[in-house]
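Heads up: the structure comes next, in structure tokens.
Residue numbering restarts at 1 for every chain, and letters A, B, ... go by the order of the sequence lines.
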2 protein chains.
Amino acid sequence: MKSQVPEKQNTLFVGSLAKGLKILRAFDESATELSLSDLVKLTGLEKSAVQRLANTLHLEGMLDKDPATKRYRPSHAWLEMAYAYFWSNPLVRLAMPKLIELSHQFNATVNLAELSGDHILYVSRVPGRKGQFASMLVGRRLPALSTAAGRAILSTMPKDQRDIFVETWPLKQMTPRTTMDRSLISQSIDEAQISGYSMTHDQSILQQTGIAAPIRGPNGQAFAAIQCSVSTHLWKLERVQQEILPYITEAANGIAPHVRG
Amino acid sequence: MKSQVPEKQNTLFVGSLAKGLKILRAFDESATELSLSDLVKLTGLEKSAVQRLANTLHLEGMLDKDPATKRYRPSHAWLEMAYAYFWSNPLVRLAMPKLIELSHQFNATVNLAELSGDHILYVSRVPGRKGQFASMLVGRRLPALSTAAGRAILSTMPKDQRDIFVETWPLKQMTPRTTMDRSLISQSIDEAQISGYSMTHDQSILQQTGIAAPIRGPNGQAFAAIQCSVSTHLWKLERVQQEILPYITEAANGIAPHVRG
DNA sequence: GCTGATTGTATTATAATTTAATAGTTGATA
DNA sequence: TATCAACTATTAAATTATAATACAATCAGC
């Protein structure tokens, strides 16, 4: 009887495919293994639709199915897709060697982050000695306004444009000290514009300092950044400025000329 | 007129979804950016089908589209899927800290590899100082028989079963010295069964030695391994045995007890 | 070890969806 | 500017997916 919102009243839109993707997207860090009925709840699709779609995804090798529990899990194919992505993004190839070098130099996690809508996404990561599990994983997204990388990228945009983003992009209280005051964030970005880098404290993890330098395109605007995370205890402002900043800005600038418009 | 092979004459199989996935799988390390007609060639699907499916994948955020060239590329969503995978696979969490530690200790790339059909798949990697681009990327697949990790895993299986695999699994001449003689491979696995580890030379990259220790499940059989790659020049047998082996076997054994059946 | 509820699996008539063919549009190349 | 190739848009036809329902298996509580 078609009670669904007419997803896209368009003959060029394949609804079944979109629904199948919806099932894939139901899996995340808190939903790692889902039963048929879990999927029904999470996606809002009909039971029989989920049955057919999940079954198809299983037969096609996109979902593993535990024969005992009948629950579905992401398959190896999900990693093969990441592999294909890495080859498709030229920045990864350019940045990787530098990330590795810097990670050893600082003994810290060094990342390539890209702007992805109103979030930043970690595209390449080389972990330092210690760190949270989530901080080691590629594919993680964080609200752009709360990260050094996001602010560094925003700092390369025209003031009027970025003011809109600062007002409208989402914020999330990830730690007790995550800045929720947008005018403070705006200030922080203004400073980044002048200094050419951005620095944050306690925004996504307590006692963690983030430092990021933008990777600019030919027009001077950035959509990516080199970012590194260090312990606030061990790295006071002066040490960061002497031992990290020159190197990540050099790395970022070294990549910039190769970025296509 | 339906000239297609009846993919799966099954009401629980959604053909359009399967075709959509086929489009996603057309992207790989040599096909990083595809036009509509490229996709038609690569997938063998009808032009109008590709048009609708690719358009849907684009609207759903799975494919980026270059407005100038009209070509499709993998989107950030492909990395987010990897992120979900990492959380869904408990081995990743267990192995990561050890991989990091060992990578610093050996100054080499250290990997978690899993058996994926007749290939091994790199699930977590911590790169050493130098290395090929492909050797830094998660999601890479290699023929199991030609890798230390694959042989280490096979060495934990019953002899009669693994004999079948050694005979039937694919081989690919990746370097001039890739072993194509299956009886030599069988020997290498026999040795691994006795010694508890596997070691290879020049199999996927020249002048590169691979060393791997299996991660066993409760029944003693493995489907994963800790593997590390070092320069053949710098790491002669004795040094490997003294400075690497004890540590990767310990790491692998340390993970084993936590693996569920 | 039984009972009832919840979850997964299978089947079918209905009709909505995808399809394939084709025409129109854009853009690159010579 | 003309030609060709590639992308985009529009249709009528029918294959395909759908939703409802019945059946089977599994699990929890008693």
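- As rounded to whole Å, 17 Å separates atom P of dT16(D) from atom CG of L17(A).
- Distance F13(A) CZ to dT10(D) C1': 19 Å, rounded to the nearest Å.
- Atom-to-atom distance recorded for R125(B):CZ and N111(B):CG is 4.0 Å, nearest 0.5 angstrom.
- Ring pair F27(A)/W87(B): centre-to-centre distance not below 6.0 Å.
- One N or O on the side chain of T147(A) and one on the backbone of G150(A) form a donor-acceptor pair closer than 3.5 Å.
- Atom pair L63(A):CG and dG8(C):P shows a separation of 14 Å (rounding to whole Å applied).
- A search for salt bridge (charged side-chain N to carboxylate O under 4.0 Å, His left out) contacts involving D28(A) returns nothing, not counting sequence neighbours.
- Here the side chain of S88(A) pairs no donor or acceptor atom with the backbone of R73(B) at under 3.5 angstrom.
- Regarding K22(B), its NZ atom lies at a distance of 18 Å from the P atom of dT18(C), rounded to whole Å.
- When the local axes at the two ends of the helix from dG1(C)-dC30(D) to dA30(C)-dT1(D) are compared, using 5 base pairs at each end, they differ in direction by 70° after rounding to 10°.
- Residue whose closest nucleotide on DNA chain D sits further toward the 5' end, between S16(A) and A68(A): S16(A).
- Residues meeting the salt bridge (charged side-chain N to carboxylate O under 4.0 Å, His left out) test with R216(B), sequence neighbours left out: none.
- One can place CD of E46(A) at 19 Å from P of dT14(C), the figure rounded to the nearest angstrom.
- When the side-chain nitrogen and oxygen atoms of K19(B) are compared with OP1 and OP2 of dT19(C), one or more of them lie within a distance under 4.0 Å.
- Listed by chain and residue number, S37(B), D38(B) satisfy the side-chain hydrogen bond (donor to acceptor under 3.5 Å, both in side chains) test with S35(B) (two or more places apart in sequence, or in another chain).
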Side-chain donor-acceptor contacts of residues 89-99 of chain A below 3.5 Å, not counting sequence neighbours, with atom names and distances?
unit_1, atom_1, unit_2, atom_2, d
N89(A), OD1, L91(A), N, 3.0
N89(A), ND2, Y85(A), OH, 2.9
N89(A), ND2, E114(A), OE2, 2.7

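- For CD of Q221(B), the number of neighbouring non-hydrogen atoms (other residues, nucleotides, ligands) closer than 6.0 Å is greater than 12.
- Listed pair R52(B) / dT19(C) meets the phosphate criterion, a side-chain N or O lying under 4.0 Å from OP1 or OP2.
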> Quick one: what's the B/S/- string for nucleotides 3-9 of chain D, heavy-atom cutoff under 4.0 Å, read 5' to 3'?
Replying inline: ---SBBB
